[in-house]
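Predicted model only: the values in this text are computed from it and were never measured.
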Amino acid sequence: MVDLKLAKLPDRTPVKLAITITPDLQSALNDYAAVYAQAYGREEPVAELIPAMLASFLDSDRNFARARDDARRGRT
């Protein structure tokens, strides 16, 4: 087998998730989308922004990352 520098790509099959949110959160998400459009000159639907927002949140949570690494290594 050839040893490539690029590892095998992970599964990129989209997963649909349905959630219920409060009206206040919906309003805040709409406001965020409006500010995003002002900042970048491009409107994006809230549904397109949410996955990036969640990924950013999880990536920035160092305690979560540490706990997740520990769990994966069997150190719970």
Review item, side-chain donor-acceptor pairs of residues 49-63, under 3.5 Å, at least two apart:
residue	atom	partner	partner atom	Å
Ser60	OG	Ser56	O	3.2
Ser60	OG	Phe57	O	2.9
Asp61	OD1	Asn63	N	3.2
Asp61	OD1	Phe64	N	2.9
Asn63	OD1	Arg66	NH1	2.9

Extract all donor-acceptor atom pairs below 3.5 Å that involve side chains of residues 11-23 and protein atoms in other chains or at least two apart in sequence.
residue	atom	partner	partner atom	Å
Asp11	OD1	Thr13	N	2.9
Asp11	OD1	Thr13	OG1	2.7
Arg12	NH1	Pro10	O	3.4
Thr22	OG1	Leu25	N	3.1

Gln26 CD: over 12 foreign heavy atoms closer than 6.0 Å: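 Above 12, so yes.
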
Glu48 CD to Tyr36 OH distance, which is reported to the nearest 0.5 Å: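 The CD atom of Glu48 sits 10.0 Å away from the OH atom of Tyr36.
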
Over all atoms of both residues, closest heavy-atom pair of Glu43 and Ala37: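 Scanning both residues completely, I find the closest heavy atoms to be CG-CB, 3.8 Å.
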
